There are 2 protein chains.
Amino acid sequence: MPALRADAARSRARILEAARALPPDGIRHNDLARDTGLGVGTVYRHFPTVTSLLEALHRDALGELVAVARDAASSPSPGKAFTDLVKTGAELQLSRDGLQAVLVAKDVSPEVRALREELLDLSAVALDAAVRDGQVRPDVSIEQVQRLVCGVEHAVRLGDGHDRDLLLGVMIAGLRP
Amino acid sequence: MPALRADAARSRARILEAARALPPDGIRHNDLARDTGLGVGTVYRHFPTVTSLLEALHRDALGELVAVARDAASSPSPGKAFTDLVKTGAELQLSRDGLQAVLVAKDVSPEVRALREELLDLSAVALDAAVRDGQVRPDVSIEQVQRLVCGVEHAVRLGDGHDRDLLLGVMIAGLRP
DNA sequence: CCTTGAAACGGATGGATCATCCACTTGAAG
DNA sequence: CTTCAAGTGGATGATCCATCCGTTTCAAGG
């Protein structure tokens, strides 16, 4: 794809900025148009779907997570590395409202799909190492852990967010053999 | 409130029946009107909001849960009674799509609000007994357990539902001291 | 500079969905 | 059989969505 024209790049940035100020389940193309002073058509041109906008907002977080997973996959202390990975994932999801949708959505760009696959592969290696080290029960898959993290995020969000560490701690304790 | 007229009772029943065939997040008054052959106005008259309809659909499940909690609150084996209560709650929520909304929604009828309060009070007694018996860690509140159950439900629903017991097992294991 | 064509923009507009309102019908009490 | 409160239906205006295309802007080549 050819580079964006100057005005287009400016519009794109303005839309993303306005979107950051909105709750992710309250994103309306029309509102973004009003907030940015752009036309609705322009907003749709840049982000045809809400999902595509969420992807753009959180691709960086996804990259971060992949990096952490890569480190965890080859850590000398697999147990701690894995629980740290889980914690990082949960904290990132909680600080980035809308990230869970990107991690879980079905209609997602090939680029994000590839990143997610890489994340899962690396995390699977880290999980495997932790299991072999006797730090994690052997009967859970990496997909299941990922879904549990989403579940904890959900539980924390139902409250005021103050018990993030406690709830996450319960789940991590439950993962021990 | 005076007793329903015969035709009204019939309409109400038809609406509830049709609603049961729909995913709870896909309930539209207009669809229910089409499916039942009633007018839209009639559907709105019986259930002004989607929440009111969900309440009607799941009030019985809420009652069931209160009964189980009442037993658990005075059980001779508090540890098992409490984990059984948690399991029952989770299974009920998973078998009744939409029940979580009733347990958690903010704009809820006084009747349901009272039931929820009763459920929490009884569960708190059961939790307390389990803690004193050394079966459950003492640093979690009953509200937190309830939210964790909602989280597990979320995690199970993200998958195909086959690992319900495993994921629930992880959480329950995490609740031990 | 100009020219030119592709890229980007804007917003009017048709389509969909929502929920209200009120004229009409039905049930049941006396 | 009357009466009227309760119940019903669906036309309708309000709101929200997303497309389409005429206009404007950018930047590459002359």
Side-chain angles (χ1 to χ4, degrees), chain A residues 1-59 97-98 101-102 105-109 111-112, chain B residues 1-59 97-98 101-102 105-109 111-112:
Chain A
M1 66 210 259
L4 278 186
R5 235 169 60 175
D7 54 347
R10 217 175 315 125
S11 297
R12 189 172 201 277
R14 279 214 274 165
I15 295 169
L16 285 173
E17 188 192 1
R20 261 183 268 276
L22 253 46
D25 58 342
I27 289 181
R28 307 287 121 113
H29 287 80
N30 290 283
D31 293 352
L32 291 173
R34 191 182 18 71
D35 293 355
T36 55
L38 298 167
V40 221
T42 304
V43 179
Y44 276 101
R45 151 175 280 259
H46 282 281
F47 302 103
T49 78
V50 174
T51 302
S52 67
L53 179 49
L54 287 179
E55 280 185 23
L57 278 175
H58 298 300
R59 189 150 38 228
D97 205 353
V102 175
K106 280 258 212 325
D107 63 327
V108 98
S109 74
E111 182 192 352
V112 167
Chain B
M1 64 208 245
L4 279 185
R5 235 169 60 174
D7 54 347
R10 217 175 315 124
S11 297
R12 189 171 201 279
R14 280 212 274 164
I15 295 169
L16 286 172
E17 189 193 2
R20 262 183 266 276
L22 253 46
D25 58 342
I27 289 182
R28 306 287 121 113
H29 286 81
N30 290 285
D31 294 352
L32 291 173
R34 192 182 17 71
D35 293 354
T36 56
L38 298 167
V40 220
T42 304
V43 180
Y44 276 101
R45 151 174 278 262
H46 282 280
F47 302 103
T49 77
V50 174
T51 303
S52 67
L53 179 48
L54 287 179
E55 281 186 23
L57 278 175
H58 298 302
R59 190 149 37 228
D97 206 353
V102 175
K106 273 237 230 333
D107 63 328
V108 98
S109 73
E111 183 192 351
V112 167

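All of these numbers come straight from a predicted model, not from anything done at the bench. Any value given below was found using the heavy atoms of this structure, including those in side chains, with hydrogens, waters and symmetry copies removed. Throughout, protein chains are lettered first and strands after them, A, B, ... in sequence-line order, and every chain is numbered starting at 1.
For Arg12(A) and dA8(C), the CZ to C1' distance is 14 Å, given to the nearest whole Å. As rounded to whole Å, 15 Å separates atom P of dG9(D) from atom NE2 of His29(B). Put simply, CZ on Phe47(B) is 15 Å from C1' on dT8(D), counting in whole angstrom units. The distance from atom CZ of Arg28(A) to atom P of dA18(D) is 9 Å, rounded to the nearest whole Å. The nearest whole Å value for the distance from the NE2 atom in His46(A) to the P atom in dA7(C) is 14 Å.
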Can you pull every protein N or O that's under 3.5 Å from an N or O on nucleotides 27-29 of chain C?
residue : atom : partner : partner atom : Å
dG27(C) : O4'  : Arg5(B) : NE           : 3.4
dA28(C) : OP1  : Ala6(B) : N            : 3.3

Quick one: do Asp7(B) and Arg10(B) satisfy side chain to side chain contact (heavy atoms under 4.5 Å, CB included)? Show the steps, please.
-> CA-CA 5 Å; Asp7(B) 54 347; Arg10(B) 217 175 315 124; 4.1 Å; yes
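Between Val43(B) and Leu53(B), the closest side-chain pair of non-hydrogen atoms is not below 4.5 Å. The closest side-chain heavy-atom distance from Glu55(B) to Glu111(B) is not below 4.5 Å. Between Leu22(B) and Leu32(B), some side-chain heavy-atom pair lies under the 4.5 Å cut-off.
The phosphate of dT8(D) has OP1 or OP2 within less than 4.0 Å of a side-chain N or O from Ser11(B). In this structure, Thr42(A) does not reach the dA8(C) phosphate: none of its side-chain N or O atoms is under 4.0 Å from OP1 or OP2.
Nearest-nucleotide positions on DNA chain C place Ala9(A) closer to the 5' end than the other of Ala9(A) and Pro48(B).
Considering only residues two or more places apart in sequence or on other chains, Arg45(A) meets the side chain to side chain contact (heavy atoms under 4.5 Å, CB included) condition with none of them. By the side chain to side chain contact (heavy atoms under 4.5 Å, CB included) test, Ala8(B) pairs with Leu4(B), Arg5(B), His46(B), sequence neighbours left out. With sequence neighbours excluded, no residue forms a salt bridge (charged side-chain N to carboxylate O under 4.0 Å, His left out) with Glu17(A).
Non-hydrogen atoms lying under 4.0 Å from DNA chain D are contributed by Leu38(B), Gly39(B), all within residues 30-39 of chain B.
You'll find that the side chain of Val40(A) is closest to dA18(D), out of dC9(C), dA18(D), dG10(D).
If you check every strand for non-hydrogen atoms under 4.0 Å, Arg45(B) touches a base.
Sorted by first and then second residue, the pairs that involve residues 24-41 of chain B and meet side-chain hydrogen bond (donor to acceptor under 3.5 Å, both in side chains), not counting sequence neighbours, are Asp31(B)-Arg34(B).
The two residues Leu54(A) and Gly98(A) have their closest heavy-atom pair at CD1-O, 4.4 Å.
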